[in-house]
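Whatever order the structure lists them in is the order used to number ligands and atoms, beginning at 1. Numbers for residues simply follow the sequence, beginning at 1.
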Amino acid sequence: MSILSGKHILLGVTGSIAAYKAADLASKLTQASAKVDVLLTGAAEKFVTPLTFQSVTGRRAYTDSDLWGNEAHVLHVSFGKTADLLVIAPCTADTMAKLAHGIADNLLTVTALAATCPILIAPAMDGGMFDHPATQENLSTLLSRGVLVAGPASGHLASGLLGKGRMVEPAEVFGYIRKALGKNGKLAGKKVIVTAGGTQEAIDPVRVISNHSSGKQGYALAQAALDEGAEVCLITTPTALTPPVGASVINVKSVQEMLDALMNESADALIMAAAAADFRPKIVAKEKMKKRDGIPQIELEAAPDILRTVSTVGAARSERRFKVMVGFAAESQSLLENAGEKLKSKGLDFIAANDISAKDAGFGVDTNRITLLFANGTKENLPLISKSEAAEKIIEHVARLLE
Ligand code: PMT
């Protein structure tokens, strides 16, 4: 995951029962090749130990006893200056108040005050504490200073009550971290629309014609565009996946709904990773078809071709609804020939020729084998790589074309 590779993340942990979730977050960041230094407040140490974090990061975890050691002044100043991001998760009401008022009475808050890197907090407290005007004012102060805030979520609280105050799950904080790190990426200020999943064409109120697309490649593209700082709109059919943090999501089912959603949008780039239907039932039965009526004959008609409809072949890039247009071609035979024909007929800047005959590529799996064919006649053969890596490569080309 190149966005986190080699990044220096300071993870502040404060005194909340959600402190146990911070260990999972530290582990996820470390697995993504970030360098993670954990700073525990005294209250955090009541819930978790430095050893917990040292075990998952492979690095020393720091506590308030380090504030009074020999290295103290170097520690807090250098941490806050060299880190790429200071994340405080969980962040209690008490620590939020200290941050808002510039109070620096422990290693974490001293570091936060000296920090020149961006700060992201994931609040965790009881619902009443979060709703309290004091906390709300502190939150407004922090937001107005550019502090990034993840959550809190609503749900079951440690007090036994239901309310807003739960720390968001580590995977979601992780998404916020990616978004914060990608802010000034190659696509900052650009809008990218990605379509994902297999469309569903209704036969009757119960049955659909669909395909095996899981949405994995499309969601990976949305995440890769976010990692480069783009504003991302993900137009998706129903999938089992969680949309990446920061993407605005439009849920659709059929080709027509996907096309309608796109006709309301414009963007710097459109990436059509969705497996959209070529055919659909000509008539959708109003009531559920009954077995006792025998085997139905379902007449099909051509579904609208989304890319052909939205492309403006030959128009200057600046005049197009989507300045850069990227398609995929899922092919089981004559891969490059068929993909090349789609590249031209759909007016694309480039197309990812996707060999779906291989077991480790195409629908459902986590890896892909693609060849990129460009409108200028060049091509790039990508080896077997993860869908995330394939997405990063495609986003690199999109950024280059938009330069
Ligand atoms: O979702 P996953 O499980 O991760 O699988 C990924 C994938 C195999 C679905 C993806 O990598 C892929 O290849 N998507 C395109 C599948 C497809 O519909 O290919 P196609 O050759 O039929 O269509 C060519 C292009 O035209 C595609 O960009 C498609 O989105 C677009 N199209 C297709 C039909 C249609 N009615 N309108 C379109 O615009």
Side-chain angles (χ1 to χ4, degrees), residues 193-201 209-224 234-241 243-244 252-263 265 269-281 300-313 321-322 324-373 382 384-391 393-395 398:
I193 299 183
V194 179
T195 66
T199 57
Q200 300 181 355
E201 306 304 323
I209 297 177
S210 191
N211 57 66
H212 296 297
S213 171
S214 62
K216 284 180 183 174
Q217 186 61 79
Y219 279 55
L221 282 155
Q223 180 64 71
L234 176 64
I235 302 181
T236 178
T237 62
T239 71
L241 306 172
V252 296
K253 285 187 176 150
S254 64
V255 171
Q256 189 61 53
E257 286 174 13
M258 192 171 273
L259 175 60
D260 292 346
L262 276 168
M263 293 306 271
E265 297 281 340
L270 166 64
I271 309 175
M272 281 286 297
D278 292 323
F279 317 105
R280 64 184 177 189
L300 300 179
E301 65 175 8
D305 188 303
I306 299 173
L307 278 173
R308 281 208 179 108
T309 312
V310 301
S311 81
T312 334
V313 184
R321 179 192 285 272
F322 305 106
V324 168
M325 286 183 50
V326 182
F328 272 74
E331 302 293 342
S332 56
Q333 56 182 337
S334 310
L335 177 68
L336 299 187
E337 204 180 302
N338 289 335
E341 190 278 315
K342 286 174 184 170
L343 170 73
K344 284 202 186 87
S345 67
K346 298 190 185 224
L348 306 174
D349 291 278
F350 68 97
I351 195 160
N354 208 161
D355 180 3
I356 56 161
S357 63
K359 277 209 169 72
D360 48 15
F363 296 105
V365 291
D366 292 329
T367 48
N368 221 345
R369 285 175 192 274
I370 54 182
T371 301
L372 303 177
L373 304 182
L382 302 180
L384 176 69
I385 46 180
S386 70
K387 284 184 173 166
S388 300
E389 289 168 310
K393 280 273 170 209
I394 289 168
I395 290 299
V398 168

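Rounding to the nearest 0.5 Å gives a distance of 8.5 Å between CG of Asn338 and OG of Ser332. In this structure, Lys344 NZ and Leu373 CG are separated by 9.5 Å, a value rounded to the nearest 0.5 Å. Of the inter-residue distances, the one linking Phe322 atom CZ with Ile271 atom CD1 reads 12.0 Å to the nearest 0.5 angstrom. In this structure, the separation between OG1 on Thr199 and CD1 on Ile306 is 7.0 Å, given to the nearest 0.5 Å. Here Leu262 contributes atom CG and Thr309 contributes atom OG1; the two are 10.0 Å apart, rounded to the nearest 0.5 Å.
Each of the atoms 1 (O), 2 (P), 4 (O) of ligand 1 lies under 4.0 Å from some heavy atom of Lys216. Here is the list of ligand 1 atoms found below 4.0 Å of a heavy atom in Lys387: 2 (P), 3 (O), 4 (O), 5 (O). If you number the atoms of ligand 1 from 1 as listed, the ones under 4.0 Å from a heavy atom of Gln217 come out as 4 (O), 6 (C), 11 (O). Remark: ligand 1 atoms within the under-4.0 Å shell around heavy atoms of Asp278 are 34 (C). The atoms of ligand 1 that sit less than 4.0 Å from any heavy atom of Gly327 are 28 (O). Counting the atoms of ligand 1 from 1 in the order shown, those under 4.0 Å from a heavy atom of Ala329 are 21 (O). Residue contact check: Gly215 has heavy atoms under 4.0 Å from atoms 1 (O), 2 (P), 3 (O) of ligand 1. Atoms of ligand 1 lying under 4.0 Å from any heavy atom of Ser213, numbered from 1 in the order shown and given with element: 1 (O), 2 (P), 3 (O), 9 (C).
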Discussion item. Apply side-chain contact (heavy atoms from CB on, under 4.5 Å) to residues Leu300 and Ile209 and explain how you reach the verdict.
Written reply: CA-CA 11 Å; Leu300 300 179; Ile209 297 177; 3.8 Å; yes
Discussion item. What verdict does the side-chain contact (heavy atoms from CB on, under 4.5 Å) test give for Ser345 and Arg308, after you've listed the backbone C-alpha separation in whole Å, the side-chain angles of each residue and the deciding distance to 0.1 Å?
Written reply: CA-CA 8 Å; Ser345 67; Arg308 281 208 179 108; 2.9 Å; yes
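At the top of the distance list for atom 21 (O) of ligand 1, counting protein heavy atoms only, stands Lys342 NZ, 2.5 Å. Scanning the protein heavy atoms around atom 35 (C) of ligand 1, the nearest turns out to be Ala276 CB, 3.6 Å. If you check which protein heavy atom lies closest to atom 39 (O) of ligand 1, you get Leu307 N, 2.8 Å. The shortest contact between atom 37 (N) of ligand 1 and any protein heavy atom is with Ile306 N, 3.0 Å. The single protein non-hydrogen atom nearest to atom 29 (C) of ligand 1 is Ala274 O, 3.6 Å, given as residue, atom name and distance. With hydrogens left out, the protein atom closest to atom 27 (C) of ligand 1 is Phe328 O, 2.9 Å, a heavy atom. Nearest protein heavy-atom contact of atom 14 (N) of ligand 1 is Ala273 O, 2.9 Å. Nearest protein heavy-atom contact of atom 11 (O) of ligand 1 is Asn354 OD1, 2.5 Å.
Heavy-atom proximity to atom 19 (O) of ligand 1, evaluated over Ala330, Gly218, Gly364, is greatest for Ala330.
Note: no N/O pair closer than 3.5 Å links Ala303 and ligand 1 by distance alone. Polar contact with ligand 1: present for Ala277 (N/O pair, distance under 3.5 Å). Checked against a 3.5 angstrom limit, the closest N/O atoms of Pro304 and ligand 1 fall inside it.
For Leu307 against Gly327, the heavy-atom pair with the smallest separation is CD1-CA, 4.2 Å. Minimum heavy-atom separation, Asp349 to Val324: OD2-CA, 3.3 Å. Taking every heavy atom of both residues into account, Ala330 and Ile356 meet most closely at CB-CG2, 3.9 Å. When all heavy atoms of Gly198 and Ser210 are compared, the closest pair comes out as O-OG, 4.0 Å.
Ligand 1 lies nowhere less than 4.0 angstrom from a heavy atom belonging to Gly197. In this structure, Gly362 has a heavy atom closer than 4.0 Å to ligand 1.
Within a 6.0 Å sphere centred on CD of Glu301, heavy atoms belonging to other residues, nucleotides or ligands number more than 12.
Contact annotation: the side chain of Thr237 approaches that of Val252 to within less than 4.5 Å [non-hydrogen atoms, C-beta and beyond]. The shortest side-chain heavy-atom distance between Met258 and Pro304 does not fall under the 4.5 Å cut-off.
Of all the heavy atoms of Arg308, none lies under 4.0 Å from any atom of ligand 1, so neither backbone nor side chain is involved.
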